[in-house]
Structures are given as structure tokens and as C-alpha cells.
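Lettering follows sequence order; numbering is per chain, from 1. The shown structure was predicted, so the numbers you read here are calculated from the model rather than taken from an experiment.
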Amino acid sequence: MSEYDPQLIEAKWQKTWEEQGAFHADLDPARPKYYVLEMLPYPSGTLHMGHMRNYTIGDAVARYKRMRGLNVLHPIGWDSFGLPAENAAIKNAIPPREWTNSNIAQMKAVCKRFGFSYDWRREISTCEPEYYRWNQWFFLRMLERGLAYRKRSKVNWCPQCQTVLANEQVVNGCCWRHETTPVESKEIEQWFLKITAYSDALLDDMAQLKDGWPDRVLTMQQNWIGKSRGARVRFQVAKMEGKSVEVFTTRIDTIYGASAVILAPDHPLLPGLFAGIPGHAAMEMVWNRLRQRILRGAELAAAEKEGFFTGRFAVNPFSGDTLPIWVANFVLAEYGTGAVMCVPGHDQRDFEFAEKYHLPVKIVVQPVDGPQLHPDRMVEAHAIYGRAVNSGPYSKLTSANATEKLIADARSKGFGGAETTYRLKDWGISRQRYWGTPIPVIYCEKCGIVPVPDNQLPVRLPEAVHLTGEGKSPLASVLEFVNTTCPKCSGKARRETDTMDTFMDSSWYFYRYTDTQNSTAPFAPEPARYWFPIDQYIGGIEHAILHLIYSRFFCKVMRDLGMISHNEPVQRLFSQGMVQKDGRAMSKSHGNVVGAIDMAQKYGCDTARVYTLFAAPPAKDLEWSEQGIEGCSRFLNKVYRIIERHAERLRGVAAAAQEQVDLANATPKEKALLRRAHQTLKRVTNDFDVRWHFNTSVALIMELVNELQAQEPLDTDLDPAILKLVVEMLTLMVSPMAPHLGEELWEMLGHRGGLLRVEWPAYREELAKEEQFEVVIQINGRLRGKILVEDGLGEDELGERALTDPRISHLIDGKAVAKMVVVPRKLVNIVLR
RNA sequence: GCCCGGGUGGCGGAAUGGCAUACGCGGGGGACUUAAAAUCCCCUGUCCUUAACGGGACGUGUGGGUUCGACCCCCACCCCGGGCACCA
């Protein structure tokens with residue numbers, strides 16, 4: 001008699017797996033592959049149960065797929081560049097690499113303590129030169145193709161991080177890391193990647209993802225790309241020969257309703273328009289205020305609409321109307337043409353602006369039927385589609401037809417045409433910080449921007465650097481780094497001192513896993529062809545846009561570079577819910593973390609794993625409960641005890657082969673056990689393959705265990721071969737979720753060589769089949785009784801049995817039966833008049 | 001404002017249009033024990049009714065609808081969570 005001792009068992013099997021290299025996966029064209037991956041973790045140092053949920057789901061899937069005979073690649077690595085290391089270095093005077101590597105060591109120890117089935121040979125760390133040189137390599141390839149370019153532009157600046165942020169890193173006008181720090185706007189020269197060159201590809205290829213990705217992620221990406229079809233129209237500025245303003249509109253069919261042209265406060269044309277206008281100085285005061293507010297960024301969204309008349313007019317090229325040119329804070333310089341036509345009758349924003357500044361409201365679209373709009377009775381704009389009115393030659397056309405004709409006419413007359421705009425902007429990747437990949441570019445006084453030649457990669461990040469956290473790029477003060485010679489002319493030159501956004505590191509890392517040792521390329525074509533695309537990617541919803549859109553972009557660039565031939569890197573994506581404690585996301589800053597190591601020490605990692613799988617379906621948030629994990633601990637103990645009790649007797653017994661089980665001679669007890677085991681198997685398999693609901697898998701296995709308990713004693717009247725078959729099925733079904741216990745039980749049952757090459761149990765329908773069914777009898781849809789019937793009963797006969805059941809016949813009591821609904825094996829509904 | 005989720009016992013949650021509340025937690029009772037822990041067994045939606053066995057009504061956010069039958073499908077609405085948002 002021995003007790004379930006998770007500490008002992010878990011250490012034992014982890015050692016065995018390690019010695020066997022149990023989870024090493026190698027390219028094998030003869031075998032079908034399965035690539036399952038959890039998102040690259042940032043090595044912050046601690047792992048709590050929130051992280052572990054992610055890995056537990058991935059590990060259960062990896063182990064299950066191995067048992068289904070697939071060649072499973074399940075790697076892990078570290079997203080080890082980034083600001084926290086730099087900040088820690090400034091605060092505690094520890095070199096970033098030291099801080100980072102010691103965190104990695106800690107986290108790796110926790111992962112090992114949990115026994116995740118990673119191929120540790122493939123571990124990567126993005127701050128290693130052998131990794132980041134390929135970031136540089138990708139950058140250079142993009143530079144060659146015009147996909148990387150340098151430009152001076154307005155960018156998001158986080159005063160806390162002291163660096164530029166990408167648009168994707170701005171959340172509600174604040175920095176993604178400092179949620180209460182509004183980002184500022186700064187004009188800075190920096191490097192961009194032309195993700196916009198792939199706007200349509202990113203949008204269109206979502207069609208390939210719609211079965212494997214959550215809808216909400218696809219919608220979020222779609223919104224982010226923000227494709228919008230419309231038209232561009234040029235308005236001549238009156239009394240200014242050759243000057244014109246272009247507007248972008250999605251409703252060119254409302255152009256006869258325009259009562260002004262409005263420019264963004266930072267529209268480049270503005271200073272020129274002012275010249276020679278009376279009241280110029282007063283205007284400039286308002287103008288400056290509006291521009292200031294835009295620079296402060298975050299205020300814009302909340303601000304009331306505000307603007308001023310420039311004193312200039314523009315001519316509507318269709319109607320010939322003369323429209324005042326205004327400036328207003330709600331027009332964005334970065335979107336469309338930075339100018340709009342103001343149509344108060346049919347656009348709510350324009351309506352609000354027109355109300356405030358008394359601009360005329362015109363109705364130029366009327367509904368096809370229903371009440372007609374009237375400009376004097378409007379309390380809001382009506383952005384409707386219907387029939388054009390008061391629109392010159394376009395009147396009476398439907399909105400769609402008017403749009404088409406107006407665009408065609410604008411084009412033929414040379415003042416406009418169709419135009420599609422996107423919300424997506426190019427990806428600014430320059431960071432004025434230290435702990436990241438150096439951008440491999442040299443500035444030469446004579447030759448200008450010179451790329452570092454491939455054979456000089458990697459451009460190493462100097463590591464003996466004094467970090468102060470102040471001023472600009474720390475690398476700028478490292479003279480040995482900055483000062484260099486031009487690769488072209490050998491003259492004096494200086495290096496780029498900004499580093500790359502770390503999202504670059506994580507945009508392609510999953511390809512590196514397929515070929516981690518390659519020193520001549522990021523990865524070779526064959527392993528990528530074999531392993532890709534990723535069959536199952538698992539991670540948090542917070543990367544729905546950031547990481548997942550950058551990765552898709554990189555994939556398309558790699559495809560165009562001829563490195564791969566697929567269009568999308570990730571076939572199926574799963575976003576797991578958060579782990580919460582006391583109603584808030586588990587995090588260091590909330591002070592509510594449940595440490596992974598603590599749980600492993602207290603209950604064992606198998607218990608912690610089973611609890612995270614059982615407490616909620618994986619897509620939902622999970623509220624951590626100490627009592628809940630206690631329950632799972634009891635459950636694993638119970639499994640262990642039941643098998644332990646019979647292990648000795650069963651050790652020498654061969655389990656009955658599924659196809660040889662002789663049902664005809666089986667006792668009721670044997671039949672009950674076999675039935676429950678196979679019913680469980682059917683549904684657990686479905687949970688793993690289709691539903692991804694591991695909470696119900698655990699519940700089902702609990703029921704199987706309860707059945708075993710109910711059939712006690714198990715040593716009398718029971719064919720040992722059948723009992724062994726059942727407990728083996730139980731062991732195998734438990735093993736993806738509690739792998740150490742699974743191995744231990746398997747060994748206790750007399751097997752050598754571990755579970756690694758053991759197949760998932762075979763399902764046999766006849767063994768799952770019930771012999772008798774409890775059929776529900778309803779009268780008018782209300783439950784009135786139940787009868788036990790044997791299988792194979794015809795509908796008529798089943799109906800007859802229901803009607804003649806004493807309880808039922810009593811209730812019918814001579815009333816006319818209008819209809820009978822008979823569902824074999826399930827129910828009879830008797831409809832009375 | 002628009003777009004996604006979601007609303008079921010005391011709690012986490014389960015249910016192809018067919019017994020609502022599986023499984024677990026918590027609670028109550030019992031067995032084992034000198035005792036405790038552990039373990040095992042039974043009960044546990046609300047209300048009404050019965051001495052009791054039992055029987056009945058109500059019940060999945062609200063109101064309608066479809067259906068023999070609705071947590072599930074349709075329409076309208078309320079609440080919660082998330083995303084997007086002066087994007088022209």
C-alpha cells in the first residue's frame with residue numbers, strides 16, 4: 001500500500017523524460033506533423049498560475065496529439081529584449097543581460113517543475129546575437145525592397161518609456177505599458193516598415209483564417225486595418241490661382257449638401273491660406289491652441305468640436321457653390337487627405353459642427369419611402385441611403401448610382417476619382433532605448449544611408465554600457481559603437497543608435513524553432529515547409545492586433561522573399577481566458593498572484609494542471625479558488641487509490657483487447673464498466689479534437705472514476721482482463737492532463753517504457769451502447785413519467801408502451817390523443833386535445 | 001454610437017431543439033475511529049401539499065414568437081465584460 005506522493009512521482013518522471021529526450025521532435029517526412037505553440041513569454045522572472053494555464057492547455061494538446069501518432073513540435077523560448085530589463089538595470093545597477101538571464105533561469109526551472117513536454121533543444125532567447133542577427137537580416141531585406149524606410153513624421157512618444165511607440169502600442173491614447181500615461185506627439189525621424197503595402201493581403205487572407213481563428217480577433221484586425229472605399233475630390237480655392245484642397249469622402253453622393261470644406265489644424269496648406277487675410281492674428285491664436293491640443297493627443301477624443309473660418313472659400317466642382325474653408329479640431333491630418341467636406345444633413349459630426357457655427361443644413365438624400373426629411377426639423381444628421389435630391393443632374397438617382405456617376409464624372413473632368421483609404425499606418429520600429437536589436441544601418445557623410453553588409457552581421461549590441469534612463473538613445477553615448485567607417489567609401493561614418501521594437505523579434509520567432517542552429521539563414525526551407533503552418537497557436541487576447549498582425553505581415557514578406565510558400569503562419573488560434581483572483585487579473589501589480597511553484601509544492605503540478613483545466617472552459621476567465629484546487633487534489637488521490645488497490649493483481653494480467661471483449665458472456669458489472677469507459681472515451685476524444693472543452697473532459701473522467709467506485713468490490717465477479725482494460729483506458733485518458741500520474745499508473749499496471757509511444761485507446765461503439773434506455777414520457781410537453789425499455793424498439797411499440805403505462809393511462813383517462821411524438825431511446829410526447 | 005462575447009442553484013460550471021442544474025466546491029446528516037484527519041455513503045433549486053411514501057406548481061436576465069416540446073432558434077429590450085471610435 002502506498003500513498004499518492006506527487007512530489008516523488010513528478011520528480012521521477014521528469015528525470016526519466018529528460019534522460020530519454022522524450023519530447024524531442026525531428027523532421028520526419030514519413031510522419032504527419034503537429035505544431036503546437038504557446039506565445040513567446042517575456043522573462044519577467046515569475047510565473048503565476050495565469051501563465052501556467054496557457055502552457056497547461058498547450059501541453060495537454062501536445063501530449064494528446066502525440067498519442068494520436070502525430071510528430072509533435074512543442075517548443076518554447078524567451079522574448080528577452082525589452083524595457084523592463086533596462087529599467088531594472090538603471091534601478092539596481094545590474095547589467096540587462098544578467099537580469100534577463102537570471103529571470104530566464106528561474107522561469108525555466110518552473111516550467112521544468114511543471115513537466116511541460118517541450119523540446120528544450122530548440123529553446124531560443126531573442127537577446128542572443130545568434131538570434132537578433134536575423135532581425136537585422138530581415139530589416140536589410142526589407143530595406144532592399146523599399147519595405148523599410150526612414151522618414152520624419154509625427155509619432156507617439158511615451159514620456160515614461162522615453163521612447164517612440166507604434167500605433168499598435170497606444171491603447172486609449174495611453175502607452176500600453178503605462179496605462180495612465182497619455183502619449184505625446186513628437187516629430188522625429190525614424191525607421192518604418194511598410195506594413196501598409198500588405199493592407200489588402202492582410203485583409204483578404206483573413207478568409208483563410210475564418211475557420212481556425214476566433215471571430216473577435218479577426219474583427220479586431222479588420223477594424224484596425226480599417227479599409228474604407230470612397231472618393232477624392234479637388235476643390236479650387238477661390239481667388240488663389242492654382243491652389244486647391246482635396247477632400248476624401250465615402251459619401252460623394254452627398255456632395256451637393258456640402259456647406260463648407262474643413263481642414264485639419266495641422267494641414268500643410270494652412271499657412272499659405274492665411275496670408276493676407278484680415279483678422280489673421282486672432283485666427284492664429286485659435287489655430288495654435290488647436291494644434292497644441294493635438295500634440296497632447298489624448299485630449300482630442302473628449303474635446304468639444306471647435307474651429308474657425310479661414311476667410312477663404314473653395315468652389316464645389318460639381319455644383320459651383322462657393323463654400324467657406326474652415327479649420328476644425330475633429331478633422332484628422334493623418335487620415336484620408338486631412339480635409340473633409342462638411343455635409344451637416346447627412347453626417348452627425350458635420351451636423352454638430354454646423355449647429356455650433358451656424359452653417360446651413362441641406363438635404364440631398366431622401367429615403368425611398370417613409371417620411372421625408374426636412375432641414376428645419378432636424379435634431380440629428382441622417383446618414384441614410386436612398387435617392388438623391390437637390391443634386392443637379394444627379395437628382396433622382398439612387399445613392400449607389402449617384403455615387404458611381406459622380407466618381408466617373410470627377411475622373412473624366414480631372415478633379416477627382418475613386419479612392420480607398422486605410423486606418424492602418426506603417427509600423428514605426430525605431431526605439432530610443434538600449435536593450436534591443438541595433439538597427440543595422442550606417443550614416444556616411446558622403447554616401448548617406450548605407451546598410452551594414454550581410455557579412456558584418458550581427459551588429460552587436462555593446463554590453464558594457466552605463467544606463468541612466470535619461471536623454472536619448474543610450475547607444476549614442478557609446479562612442480566605440482557609434483563611430484565606424486563607411487562600408488562603401490571607408491570614410492568616417494556613424495552607426496544608427498536606435499534599436500528595434502521588440503515586436504520585431506517575436507514576428508518570426510516560430511520559424512526559428514524549426515531550425516535553431518542555422519548560422520547561414522534565419523531558417524532553412526525544408527524544416528519550415530515540413531512544420532508550417534502552426535497547427536495550433538495559444539495565447540492571450542491582448543495580442544489580437546499587435547503581435548498577430550505583425551506576424552502575418554512578416555509571413556507575407558518572407559513569402560515574397562521566396563523563403564516560404566504559405567500565406568498565413570497560423571492555422572488555428574486559441575485565445576485563452578485570464579486567470580483572476582478576487583475578480584481581477586492575476587498580476588504582480590495587483591498583488592494577487594498565485595505562484596506556480598507554490599502550487600506545485602503544495603499539491604503537485606498535476607493537480608494544479610487539472611484544476612486550471614477543470615475550473616472553467618479554456619476560453620473563459622477563471623476565478624482562482626483554493627477550495628477548487630483541493631477538490632482536484634482529492635480527485636487525483638482517488639484515481640491513484642483505486643488503481644493502486646488492484647495494481648498488484650492486475651500487473652501480470654494482459655488487458656482484454658478491445659475487439660476481443662466478449663459482451664455476450666460479460667457480467668452486468670463488467671458491462672457497466674465497459675460501457676462507461678467507452679462513453680467517456682468518445683466524449684473526451686471529442687472534447688480534445690473538436691470542442692476544446694477540457695473542463696468537461698475532467699468531469700467525464702471523474703464520472704468514470706465514480707462508476708468504478710460504485711462497482712466496488714472490483715476483485716470479485718470481474719474478469720481481471722476487463723478491469724485492466726478499463727483502468728488502462730482511465731490512465732490513458734487522464735495522462736494528457738496529469739501526465740506524471742498517468743506515467744506512474746501505467747507503470748504500476750505493469751508496463752515498461754513509459755507512455756510515450758502508447759496510443760490513445762481505441763473506441764468500440766458496441767461497448768458504449770446502452771442495452772436499456774430510460775425513456776421520458778411527456779404529456780403536452782410536460783414530464784409525466786419514465787419507463788425503462790430495451791434498445792431496438794420500434795416507434796409504434798414505444799408509443800404503445802407509453803400509453804399503456806399505468807401512470808400515463810390514468811392521466812390520459814379517455815381524453816383524445818391528438819398526436820404522438822416518439823423519439824427512439826429518448827422520449828414520447830403525448831399531445832392531448 | 002458601431003462590432004464581438006456573455007447572463008443557468010449558495011459558488012465554479014454542465015446540457016445536437018427532448019429528464020434543466022452533469023462534474024466539482026460549499027452546506028447538512030451518517031459510517032469508520034478512543035479521537036481527529038483522511039476515506040466512504042446519503043441528502044442539498046424555490047414554493048405548495050402529505051403523518052409518510054408521494055404529488056403538484058414555479059424555475060435558465062425581461063417581454064413576445066416559432067414548435068408536440070425552447071437555456072438552445074427568431075424578434076424586441078435590459079444588464080455585464082471586451083474591442084473600435086470625431087476614420088469623413
Side-chain angles (χ1 to χ4, degrees), chain A residues 3 171-172 214-224 226-228 230-231 247-252 254 258 262 264 300-305 328-332 334-343 346-350 352-353 380 383 421-424 541-542 544-545 575 577-578 610-611 614-617 619-632 634-635 637-638 641 693 695-706 709-710 712 774-786 807 817-823 825-832:
Chain A
E3 290 270 296
V171 181
N172 291 329
D215 283 344
R216 57 176 172 158
V217 174
L218 294 177
T219 326
M220 282 163 77
Q221 292 209 358
Q222 208 173 320
N223 290 342
W224 188 258
K227 183 172 184 169
S228 168
V247 304
F248 173 73
T249 176
T250 54
R251 291 300 305 269
I252 194 172
T254 63
I262 312 182
L300 184 65
E304 200 194 330
K305 288 183 178 53
N329 60 346
F330 72 93
V331 179
L332 307 173
E334 307 82 45
Y335 185 77
T337 57
V340 299
M341 60 183 201
C342 174
V343 185
H346 303 289
D347 182 284
Q348 187 57 27
R349 295 155 303 184
D350 294 346
E352 285 164 22
F353 192 73
E380 56 177 7
T421 60
Y422 299 85
R423 214 185 78 101
L424 183 71
I541 189 71
E542 67 273 17
I545 294 172
S575 294
M578 280 184 310
V610 169
Y611 174 66
F614 178 60
K620 273 188 78 168
D621 288 348
L622 180 162
E623 173 70 28
W624 188 264
S625 146
E626 201 66 24
Q627 286 165 337
I629 193 172
E630 294 273 1
C632 289
R634 281 201 280 272
F635 166 62
N637 267 289
K638 196 168 171 178
R641 271 196 312 276
H693 275 206
N695 55 326
T696 49
S697 301
V698 177
L700 286 162
I701 295 170
M702 285 172 168
E703 287 183 72
L704 172 59
V705 172
N706 291 345
Q709 196 134 263
E712 289 278 13
E774 196 179 52
V775 169
V776 169
I777 306 176
Q778 298 178 332
I779 294 178
N780 293 341
R782 291 178 154 278
L783 177 68
R784 287 294 180 242
K786 295 171 184 179
R807 287 170 40 120
V817 175
K819 187 175 175 181
M820 296 270 289
V821 181
V822 180
V823 183
R825 299 174 179 189
K826 279 211 175 126
L827 134 160
V828 176
N829 189 12
I830 301 162
V831 187
L832 297 180

Using the [atom1] atom as the point on both nucleotides, what is the distance between [M] and [N], in whole Å?
N	M	atom1	value
B/rG12	B/rG7	C1'	15 Å
B/rG63	B/rA14	P	25 Å
B/rC23	B/rC77	P	40 Å
B/rG64	B/rG10	C1'	32 Å
B/rU62	B/rC79	C1'	10 Å
B/rU60	B/rG65	P	16 Å
B/rC32	B/rC53	C1'	31 Å
B/rC73	B/rU16	P	11 Å

Problem - Test log, rule side-chain contact (heavy atoms from CB on, under 4.5 Å), inputs A/F330 and A/E352 - result: CA-CA 11 Å; A/F330 72 93; A/E352 285 164 22; over 6 Å; no

Return yes if some donor-acceptor pair links the side-chain N/O of [X] with the main-chain N/O of [Y] below 3.5 Å, else return no.
X	Y	answer
A/Y611	A/S625	yes
A/T337	A/F248	yes
A/D621	A/M578	yes

Practice task
Would you kindly check whether a donor in the side chain of A/K305 faces an acceptor in the base of B/rC86, or vice versa, at under 3.5 angstrom?
Solution key: yes

Value rounded to 0.5 Å, distance of [atom1] in [X] from [atom2] in [Y]:
X	Y	atom1	atom2	value
A/I830	A/K819	CD1	NZ	13.5 Å
A/K305	A/D350	NZ	CG	9.0 Å
A/L700	A/H693	CG	NE2	12.5 Å

Exercise for the section: Quick one: classify the glycosidic conformation of B/rG9 as syn or anti, with syn meaning within 90° of 0. Expected result: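 Base orientation relative to the sugar is syn.
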
Rounded to the nearest angstrom, tell me the gap between atom [atom1] in [X] and atom [atom2] in [N].
X	N	atom1	atom2	answer
A/E712	B/rA31	CD	P	22 Å
A/R784	B/rG69	CZ	C1'	13 Å
A/F635	B/rA38	CZ	P	19 Å
A/L832	B/rG69	CG	P	13 Å
A/F248	B/rC86	CZ	C1'	15 Å
A/N780	B/rU67	CG	C1'	13 Å
A/R782	B/rG69	CZ	P	12 Å
A/E626	B/rG26	CD	P	12 Å

Exercise for the section: By nearest nucleotide on RNA chain B, pick out whichever of A/Q709 and A/E352 is the more 5' one. Expected result: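 Looking at the nearest nucleotide for each, A/Q709 comes out on the 5' side.
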
Handout entry: 5'-most by nearest nucleotide on RNA chain B - A/A616 or A/T337
Key = A/A616

Exercise for the section: Give the C-alpha distance, both sets of side-chain angles, the deciding distance and a yes or no for side-chain contact (heavy atoms from CB on, under 4.5 Å) between A/Q778 and A/V821. Expected result: CA-CA 9 Å; A/Q778 298 178 332; A/V821 181; over 6 Å; no

Exercise for the section: Classify every nucleotide of nucleotides 79-85 of chain B by which part a protein heavy atom approaches to under 4.0 Å, writing B for the base, S for the sugar-phosphate alone and - for neither, in 5'-to-3' order. Expected result: ----SSS

Fill in the blank from the handout: Per-nt protein contacts along nucleotides 15-25 of chain B (heavy atom under 4.0 Å; B base, S backbone sugar-phosphate only, - none) come out as SB-BB--BBSS

Exercise for the section: Apply side-chain contact (heavy atoms from CB on, under 4.5 Å) to A/L424 and A/Q221, showing your working. Expected result: CA-CA 10 Å; A/L424 183 71; A/Q221 292 209 358; over 6 Å; no

For [X], check salt bridge (charged side-chain N to carboxylate O under 4.0 Å, His left out) against everything at least two apart and list the hits.
X	result
A/E630	none
A/E626	A/K602
A/R825	A/D791

Practice task
Pick base, sugar-phosphate or nothing for A/P617, based on heavy-atom distances below 4.0 Å to the nucleic acid.
Solution key: sugar-phosphate

Practice task
Would you classify A/V331 as touching base, sugar-phosphate or nothing, given that sugar-phosphate means primed atoms plus P, OP1 and OP2, and contacts are heavy atoms under 4.0 Å?
Solution key: base

Handout entry: Bracket notation of RNA chain B in which parentheses pair within the strand, [ ] cross earlier pairs, and | pairs with another strand (Watson-Crick or G-U, under 3.5 Å)
Key = (((((((..(((.....[....)))((((((.......))))))(((((....)))))..(((((..]....))))))))))))....

Problem - Stepwise side-chain contact (heavy atoms from CB on, under 4.5 Å) test for A/V340 and A/R349 - result: CA-CA 11 Å; A/V340 299; A/R349 295 155 303 184; over 6 Å; no

